[in-house]
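Worksheet: the structure to be examined is printed underneath.
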Amino acid sequence: MTETSVMGIRSRIGEALIDAIRNLGVEGDLPDLELGRAKGPDHGDYASPVGMKLARVLRQPPAQIASRIAETIDVPDGAATAEAVGGYVNFRLTAEWLQRLVAQVDARGQGYGATDLGHGERMQVEFGSINPTGPMHIGHGRGVVLGDSMCRLLEFTGHAVQREYYVNDQNTQARRFGLSVMARMRGEEPPEGGYTGAYVTELAELARGELGDIGSLPSDEAEAKVRQFAIGVMVERIRASVARLNVPYDEWFPESRLWLEGLPQLAIERLRESGHLEERDGALWFGEGDEEEDRVVIRSTGEPTYFASDLGYLLSRFERRHFNRVVEVWAADHHGYVNRMKSAAAALGIDPERLVIILHQLVNLKEGKMSKRAGRFVELDELIDRVGKDAVRYFYLLRSPDTAIEFDLELALTQGNENPVFYAQYAHARLVNVEVTAGERHATLPERADVSLLVQPWELDVARQLAFWPEVVEDSTKLLEPHRIPYYVHDLATAVHRFYHAGNETSEYRVVVDDPELTRARLELCRASRHTLKAALELIGVTAPERM
RNA sequence: GCCCCGCUAGCUCAGUGGAUAGAGCAUCUGCCUUCUAAGCAGAGGGUCGGGGGUUCGAAUCCCUCGCGGGGCGCCA
């Protein structure tokens, strides 16, 4: 098997398909051949409706085109056979190739499926950056898990990724938060629009102990001190929560640092010179002079808005820190901000394509909308306490970002016990157990496996799933859609469970049998699937237990 | 009013314009003396929200209507 096989079998069949078409004399651009997984076993493993696609160009019946392609196509390494059915060409992976794949996957270990797609591209993913004015709730957990899983995918595919949390430590919300805590310290109600959750009162208690008497200070000094303290405590709590989800942020970047570095100021200067800013009603606006679209950068009071910070933040990341691309993960309630950020980037001379914004729909409580200010939410920590880190991550990732989640805590708790994550973890633990048993029953086993002994359909089905892994990684990465991974994990786990179970029904199909050669071959399959299962679980931040 | 997302099995959700639309849960029926039953095998369950259109081909693309969620601030 050649080295190119690491690119994934789908791509290789795709290339062979194009070669075959060229050999028919077709030149110029080709339509999308829609080579993809076949529907069912009757149609093989991959299929392309290539006959229909080329019928017009070649002015021949689809079936005839498909036949000619099926006859002439040369799939490398004899990886697949081609068969024309109507205008389709169906590809079936050969047993010989699947067997060799097993040995190759075992050799590559958890690196199987990893690529250099990104060529070391410097990327930042900024996610989970909630205002540190309260604990993380179950809505925020979604963005955190999504963002971190994207990072894992990007790292696996050769990107240099930095995980960043943007800490809003000096905006209006932060000030309101500080004022709310201060009010509670004095035994007063928080101001209008302030934060009323019970944690605010607890924070006031803490602050009283830590800061002592602030009554003697001028009120703005006192506010700054309390705010700084309260934000600091909240950031630590958030840090602890995300750590429980196994999310390793590289940078906690405070908004205030932008101003210390003079970046918003610089951005404003530049935009002013390029004519993107306009004074109106005593405030400074960004935009095209459209009353509806334009946004305030500096208020008439002279105070900057968050947007001013964001302008500086763009410079910080694209110019100062030289990220080639920045991915931002936002909840859908920020969607109105997407175009503004893109046009801001463009106005600053940054290609908006380099700013990738991923939106995910909201997580709502069954009882209604969550609200930090009103103190109505389910904390992320509580969910982790109740169902565990792995189930939480899996739960979020089983949904496409476009699907809104209506969260029912009671239901989540019952489902925690039968969470699909255990199905996958169990498959992994079983494989480990089999390998241990093999070591106990056989003092010595052949060093190399004779993979041609893997002939049972359920054995080849496991190998088939392994063959699909590279394309799953590729698609998930290119589309930035980590939710594809848990679905693959499930399919692989199913194949593994069936393979295992064959030995429960008939003992000669067990992995560990008297024949050392046969045992060794099946062990190779166990290892290959264990590596892949573990790699896949790691990409979504779920542990692969050795025992359950 | 304008913008974004969704509507697929009883429930929760997958589904790069391709063939007979899938999974989990729930329901029902089988399978443990022997590598882990947190498992396996099987059954039932669908006008892919409605209606138009494009296409050889539409759950998928376009238009339109309905329902649900979210957003349209000198808040973030």
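Naming: A, B, ... by sequence-line order, numbering from 1 per chain.
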With a non-hydrogen cut-off below 4.0 angstrom, is A:His483 in contact with a base, only sugar-phosphate, or nothing? sugar-phosphate
Rounded to the nearest Å, what distance is computed from the OH atom of residue A:Tyr88 to the P atom of nucleotide B:G17? 14 Å
Spacing between A:Tyr394 atom OH and B:A38 atom P, to the nearest angstrom: 18 Å
So A:Glu255, base contact, sugar-phosphate only, or nothing? Heavy-atom distance under 4.0 Å. nothing
In whole angstrom, give me the gap between the P atoms of B:C3 and B:A9. 29 Å
Please measure how far the P atom in B:G52 lies from the corresponding atom in B:A59, and state the result in whole Å. 14 Å
Aromatic ring proximity A:Tyr423/A:His490, centre distance under 6.0 Å: yes
Student check: side-chain heavy atoms of A:Glu440 and A:Val512 closer than 4.5 Å: no
For A:Tyr500, report the nucleic acid contact type (base, sugar-phosphate, nothing); a contact means any heavy atom under 4.0 Å. base
Expressed in whole Å, how much space separates the P atoms belonging to B:U16 and B:G53? 26 Å
Of B:C5, B:A14, B:C3, the nucleotide closest to the side chain of A:His335 is B:C3
Counting only Watson-Crick or G-U wobble pairs whose two distances fall under 3.5 Å, which nucleotide matches B:U20? none
Closest to the 5' end of RNA chain B, once A:Arg56 and A:Asp281 are matched to their nearest nucleotides, is A:Arg56
Hunt down the Watson-Crick or G-U wobble partner of B:C25, both distances under 3.5 Å, from any strand shown, or write none. B:G10
Checking N1-N3 plus N6-O4 or O6-N4 for Watson-Crick, or N1-O2 and O6-N3 for wobble, each under 3.5 Å, the partner of B:C40 is B:G30
Considering only B:C31, B:A14, B:U20, which nucleotide approaches the side chain of A:Thr403 most closely? B:A14
For the side chain of A:Tyr487, starting at C-beta, report the closest nucleotide among B:A19, B:C35, B:C13. B:C13
With syn defined as a glycosidic angle within 90° of 0 and anti as the rest, where does B:C28 land? anti
So A:Asp42, base contact, sugar-phosphate only, or nothing? Heavy-atom distance under 4.0 Å. base
Quick one: does A:Arg227's side chain have a donor or acceptor within less than 3.5 Å of a partner on A:Asp169's backbone? yes
Listed nucleotide nearest any side-chain atom of A:Gln361, set B:C5, B:G71, B:G39: B:C5
Is a salt bridge present between A:Arg498 and A:Asp461, judged by a nitrogen-to-oxygen distance below 4.0 Å? no
Looking only at N and O atoms, is any donor in the side chain of A:Gln173 or the base of B:C75 less than 3.5 Å from an acceptor on the other one? yes
Selected nucleotide, minimal atom distance to A:Tyr423 side chain, candidates B:G57, B:C40, B:A37: B:C40
Would you say B:A37 has OP1 or OP2 under 4.0 Å from some side-chain N or O of A:Asn504? yes
What is the distance, rounded to the nearest whole Å, between atom CD of A:Glu34 and atom C1' of B:U55? 12 Å
Expressed in angstrom and rounded to an integer, what is the separation of A:Asp32 atom CG from B:G18 atom P? 9 Å
Pick base, sugar-phosphate or nothing for A:His43, based on heavy-atom distances below 4.0 Å to the nucleic acid. base
I want to verify a distance call: between B:C35, B:U16, B:G69, whose nearest atom is closest to the A:Asn364 side chain? B:G69
State whether the distance check finds a donor on one side and an acceptor on the other, under 3.5 Å, for side chain A:Ser300 versus base B:C74. yes
Could you tell me whether A:Ile357 contacts a base, only the sugar-phosphate backbone, or nothing, with contacts defined as non-hydrogen atoms closer than 4.0 Å? nothing
With ring centroids as reference points, do A:Phe468 and A:Tyr46 lie under 6.0 angstrom apart? yes
Aromatic contact between A:Trp458 and A:Phe499, with the criterion being ring centroids under 6.0 Å apart: yes or no? no
Classify the nucleic acid contact of A:Pro420 as base, sugar-phosphate or nothing, counting any heavy atom under 4.0 Å across all strands shown. nothing
Let me know, please, whether A:Ala283 or A:Asn90 comes out on the 5' side of the other along RNA chain B by nearest nucleotide. A:Asn90
What distance, rounded to whole Å, do you find between the two C1' atoms, one in B:A43 and one in B:G10? 16 Å
Measure CG/A:Leu398 against C1'/B:A23 and give the value in whole Å, please. 10 Å
When all nucleic acid strands are considered with a 4.0 Å heavy-atom cut-off, which category describes A:Ser400: base, sugar-phosphate, or nothing? sugar-phosphate
Selected nucleotide, minimal atom distance to A:Arg399 side chain, candidates B:G39, B:G18, B:C13: B:C13
Taking B:U20, B:A38, B:G73 as options, the one with an atom nearest any side-chain atom of A:Arg295 is B:G73
With heavy atoms under 4.0 Å as the rule, sort A:Phe422 into base, sugar-phosphate or nothing. base
Where the side chain of A:Glu418 is concerned, which of B:C74, B:C25, B:C35 is the nearest nucleotide? B:C25
Which nucleotide wins on minimum distance to the side chain of A:Arg299, given the candidates B:C75, B:C13, B:A19? B:C75
Out of curiosity, A:Asp514 CG to A:Ser507 OG, how far, rounded to the nearest 0.5 Å? 9.0 Å
Taking N and O atoms by type only, does the side chain of A:Asn419 place a donor or acceptor under 3.5 Å from a partner on the base of B:A38? no
Sugar-phosphate only, base, or nothing, as touched by A:Ala429 at under 4.0 Å among non-hydrogen atoms: base
Which nucleotide, in any strand shown, forms a Watson-Crick or G-U wobble pair with B:C72, with both distances under 3.5 Å? B:G1
Using a 4.0 Å heavy-atom cut-off, does A:Ala47 contact any base of the nucleic acid, only the sugar-phosphate backbone, or nothing at all? base
Please report, rounded to the nearest Å, how far the P atom of B:C13 is from the NE2 atom of A:His360. 16 Å
Could you go through the side chain to side chain donor-acceptor pair (under 3.5 Å) check for A:Asp390 and A:Gln425 one step at a time? CA-CA 10 Å; A:Asp390 291 331; A:Gln425 293 181 316; 2.9 Å; yes
